[in-house]
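Working notes, beginning with the structure itself.
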Amino acid sequence: MKVLMLNGSANTNGTTFTALAEIGKTLEQEGIGYEIFQMGGAPVRDCIGCGQCSEKGCVFAEDKVNEFVAKAKEADGFVFGTPVYYAHPSGRVLSFLDRVFYSSGRSFAFKPGASVAVARRGGTSSSLEVLDKYFGISQMPVAGSTYWNMVYGKKGEEAVLDLEGMQTMRNLARNMAWMLKCFAAGKEKGIALPCAERENRTNFIR
Ligand SMILES: Cc1cc2nc3c(=O)[nH]c(=O)nc-3n(C[C@H](O)[C@H](O)[C@H](O)COP(=O)(O)O)c2cc1C
C-alpha cells in the first residue's frame, strides 16, 4: 500500500516538505509506502473548463498534472500539502488540483485523503477548508489527527521546532495507515464498494 503526497510549494525542501516527510517517516514505520510528489517551481496552468479531459487526464500536458494522475491511479491514499499564501492555499496547488480532479476525480474515490497547511503565522484553517473540499466531492474518506493538520514555521528547519505540529503529522500518518489497513481487510472480506447514483444533476432547482 502506498500514500501519494503532493508538495504544493515550489520549495522542494521547505516547510511543507518537512511536514510531509514527517508523515512519510511514520507511514513507513506503520508498513505503508509513500512518495512525496514535488510540483517544483515550473509554471502550472489553470483549468480553463475546456471539457477536453480524457482517460489520459488533462489535455494540457506541458506540466506535471498527468504525471500525478498516473501515480494517483496506483496510490491507495493521499496527502495534499500547501504553504499558506495570503490565508489561502498556494495558487499553484489549486491550479494543479483543479485540473487533477476535474479530469480524473474518479481515480480518488474510496481512497482516504488528508490536507496539510503550513504557515509562518496565520491562515492555516482557511487553507485546510479549501483543500478538504476536493475530498468531499470525490467520495474520499478523510483521515484526521489529534489537531487540525497545521504546522508553523517560515523555513523547513523551523517546522521541526513546532513540536505539536510534528506530532499532529505523525498521528495523521498513524490514522491514515490504520484506515488503509481496515479498507484492505474489508476488501479481503468481500465488502463491495458502494455504488453511487449519478442520474440527478440539477444545475439549479427545477
Ligand atoms: C506569497 C506569500 C504569501 C504568504 N502568506 C502567508 C500568510 O498569509 N500567512 C502566513 O502565516 N504565512 C504566509 N507566508 C509564509 C509561508 O506560508 C511560510 O513561509 C511557509 O512555511 C512556506 O512554506 P514552504 O517552505 O513549503 O514554501 C506567505 C509566503 C508567501 C511567499
Side-chain angles (χ1 to χ4, degrees), residues 2-29 32-47 62-65 67-69 71-72 75 77-101 108 112-135 140 142-176:
K2 185 174 168 183
V3 173
L4 181 62
M5 297 196 262
L6 178 67
N7 180 3
S9 170
N11 296 319
T12 53
N13 206 19
T15 322
T16 310
F17 174 79
T18 305
L20 298 180
E22 190 72 5
I23 295 171
K25 208 163 58 182
T26 312
L27 284 172
E28 264 184 350
Q29 287 163 4
I32 306 286
Y34 76 95
E35 175 180 346
I36 299 177
F37 188 96
Q38 299 279 10
M39 285 178 58
V44 177
R45 219 179 218 284
D46 297 318
C47 181
E62 69 270 27
D63 55 29
K64 292 183 170 181
V65 162
E67 188 187 335
F68 185 79
V69 165
K71 285 176 186 284
F78 301 93
V79 180
F80 302 149
T82 187
V84 173
Y85 286 177
Y86 292 98
H88 56 65
S90 72
R92 54 197 297 102
V93 83
L94 296 183
S95 293
F96 193 91
L97 287 174
D98 280 359
R99 284 171 52 224
V100 164
F101 276 84
F108 292 80
S115 55
V116 168
V118 300
R120 186 188 70 78
R121 198 162 181 84
T124 47
S125 294
S126 46
S127 299
L128 291 172
E129 276 170 29
V130 175
L131 286 186
D132 284 350
K133 298 286 194 308
Y134 292 104
F135 307 135
M140 296 173 71
V142 178
S145 186
T146 41
Y147 200 79
W148 295 292
N149 303 326
M150 48 187 71
V151 173
Y152 287 94
K154 193 170 188 306
K155 297 210 159 84
E157 60 272 19
E158 284 180 7
V160 179
L161 302 176
D162 177 4
L163 296 185
E164 185 171 0
M166 290 287 115
Q167 174 180 274
T168 304
M169 297 299 103
R170 292 191 295 276
N171 287 334
L172 169 62
R174 291 183 187 108
N175 291 344
M176 171 78 74

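One-based numbering, in listed order, for ligands and for the atoms of each. We count residues from 1, following the sequence as given. Values below: all heavy atoms of this structure, side chains included; hydrogens, waters and symmetry mates excluded.
- The existence of a salt bridge linking Lys25 and Glu22 is confirmed by a sub-4.0 Å separation between a basic side-chain nitrogen and an acidic carboxylate oxygen.
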Enumerate, atom names and distances included, each donor-acceptor pair closer than 3.5 Å involving a side-chain atom of residues 112-122, sequence neighbours excluded.
residue	atom	partner	partner atom	Å
Ser115	OG	Asp132	OD1	2.5

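- Pairs of residues two or more places apart, or lying in two chains, that qualify as side-chain hydrogen bond (donor to acceptor under 3.5 Å, both in side chains) and include a residue from residues 81-98 are Asp46-Ser95, Asp98-Tyr134.
- The distance from the CG atom of Leu6 to the NZ atom of Lys71 is 12.0 Å, given to the nearest 0.5 Å.
- Listed by chain and number, Ser9, Asn11, Gly14, Thr15, Thr16, Pro83, Val84, Tyr85, Tyr86, Ala87, Val118, Ala119, Arg120, Arg121, Gly122, Gly153, Lys154 each place a non-hydrogen atom less than 4.0 angstrom from ligand 1.
- Partners of Phe37 by ring-ring contact (aromatic ring centres under 6.0 Å, His included), not counting sequence neighbours, listed by chain and number: Phe68.
- Taking CD1 of Ile36 as the start and CD1 of Ile23 as the end, the distance is 8.0 Å to the nearest 0.5 Å.
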